[in-house]
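This report refers to the structure that appears directly beneath it.
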Amino acid sequence: MRTLLALILLAFAIPASARLAPEERRMAQAVESEAGRTVALLERLVNVNSGTLNLEGVARVGEMMRAELEPLGFAVRWIDMRETGRAGHIVATHEGPGRNVLLIAHLDTVFEPDSPFQAFARAGERATGPGIGDDKGGLAVIVAALRAMHAAGTLRTANVTIVLTGDEERPGAPIAIARRDLIEAGRAADYALEFENLAIEDGRDFGTVARRSATSWTLRARGRTGHSSGVCGAELGCGAVYEMARILDSFRRELPEPNLTYNVGVIAGGTPASIDTQGLSVTASGKTNIVAETAIARGDIRTLSAGQEARARARMQGIVARHLPQTGAELVFAEDGYPPMAPTPGNRAILARLNQVNRDLGLPEMAEYDPARRGAADSSFVAGDVDTLAGLGAGGGGAHAQGEWIDLNTLPRQAKRAAILITRLTREAR
Ligand SMILES: [Zn+2]
């Protein structure tokens, strides 16, 4: 009786502007009535450490998601990824006659077991915890949306695939194996929806139709070494440090264009200079009166499209090739980078469908978020093959830092949007 009364009250709570089909209204009501369950699930997910290198913890979060998805009728597989140095991924499928919608999120977080930040804490509608938004809030939104579809009967015939990677924050190597299953699922899908953090600014929700690439590069310069009295003379040339300085400063002056950034993260030069095998630590020694023999720098570039990426790389190589006399240099791009997710008409069409959902829910429309303000994510690996909309997870802030938080109100808001959007997309005419 009490539940019935609550349901009647909830029905009145939905704005008069709502133009939902009866089953869509049932999904929205199911999300509301399970709001407490969703927060409790999020709390349990956050309280299991799943730092990317904590393979056991990542697998445990995978098992927790299996326990949520199997009762909804999903066939759940664990894809072991130990050959890449990582735990593995969850791939879950729910077959149906309609369009295939791929849902993407991740099990891992940046907080390893040695981090002091380990537990869920709640103060009113604000909750903090490691990975609470990135990406355990996304996992909670997916479960809440699918449970609502299940309750309303719209999941029964829905064709949905879910890929939850276990190494989004530090992908395993080689990337061709680490992202094989995600890329395959993207190729087979008609639409992809990624549940990383919702972009919010000044209280307004935004849609993510684009993400920039992230590619690391390593630059090594070398020169002739000798007594500093001969520096920049015909015989010695200027040495490796001047060559490095020329290249980096030319990058800074010549590369800039909209949506492209170039960063130098670490540098060392001297006689000698070296870099560790992980590429994280450079060391150098030298004397003030010796012309430097070697210089090493590492950094990244971020671009918005494959064309911009190719153009930027070519321009960088062109700058490198203009060597100072008696010097040389070589620029190598890492192979494990994230490709760009360009703002395609197809991605924008999914956002338009989401905005129809927003109107029908009585929510404001969502504008496109500036891709320069977002990082790369797993959706980038499928966006070249399938229309993709990103940022469908929880909204908050402080991702990758202690004190990471979300606004718990974003969970039901995002789950309603997702349940209705997934349902409508799976029923799109071919
Ligand atoms: Zn993430």
Side-chain angles (χ1 to χ4, degrees), residues 42 45-46 48-55 57-58 61-62 64-65 81 84 86-91 102-112 115 117 120 127-143 162-172 175 178-179 181-183 185-186 192-200 205-214 300 302 336-341 369 371-383 388-407 410-411 414 418:
L42 176 62
L45 290 168
V46 168
V48 175
N49 177 284
S50 60
T52 314
L53 301 183
N54 176 8
L55 307 195
V58 172
V61 173
M64 292 168 79
M65 288 303 290
M81 277 289 141
T84 69
R86 299 295 183 266
H89 314 310
I90 286 283
V91 176
L102 170 64
L103 314 182
I104 302 168
H106 61 92
L107 306 166
D108 64 317
T109 79
V110 298
F111 302 95
E112 297 293 340
S115 164
F117 190 42
F120 178 96
T128 59
I132 194 163
D134 183 13
D135 191 24
K136 289 176 176 172
L139 300 177
V141 169
I142 287 176
V143 171
I162 306 171
V163 175
L164 309 174
T165 57
D167 61 347
E168 198 271 345
E169 303 292 0
R170 272 179 89 166
I175 200 83
R179 288 296 171 271
D181 300 276
L182 175 62
I183 290 168
L193 304 176
E194 172 242 84
F195 290 78
E196 293 261 356
N197 303 62
L198 168 67
I200 304 180
D205 296 354
F206 285 81
T208 300
V209 297
R211 286 179 179 278
R212 293 193 300 161
S213 68
D300 75 1
R302 290 166 185 264
D336 61 354
Y338 282 77
M341 170 179 160
Y369 199 61
R373 314 189 61 169
R374 291 220 77 142
D378 272 343
S379 46
S380 307
F381 288 104
V382 304
T388 303
L389 184 65
L392 295 166
H400 292 200
Q402 279 194 52
E404 179 181 357
W405 63 277
I406 65 161
D407 173 357
T410 61
L411 296 175
Q414 290 287 72

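Atoms within each ligand, like the ligands themselves, are counted from 1 in listed order.
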Are the side chains of M341 and E194 in touch, meaning some heavy atoms are under 4.5 Å apart? no
Taking both backbone and side-chain atoms into account, decide whether D378 has an N/O/S atom under 2.8 Å from the Zn ion (ligand 1). no
Taking the side chain from S115 and the backbone from E112, do they hold a donor-acceptor pair closer than 3.5 Å? no
For D134, what is the atom name of its N, O or S atom nearest to the Zn ion (ligand 1)? OD1
Does this structure show an ion pair linking D167 with R179, if we count only N-O contacts that are shorter than 4.0 Å? yes
Please confirm if an N, O or S atom belonging to D135, backbone or side chain, lies less than 2.8 Å from the Zn ion (ligand 1). no
Supply the atom-to-atom distance T128 OG1 to E404 CD, rounded to the nearest 0.5 angstrom. 9.5 Å
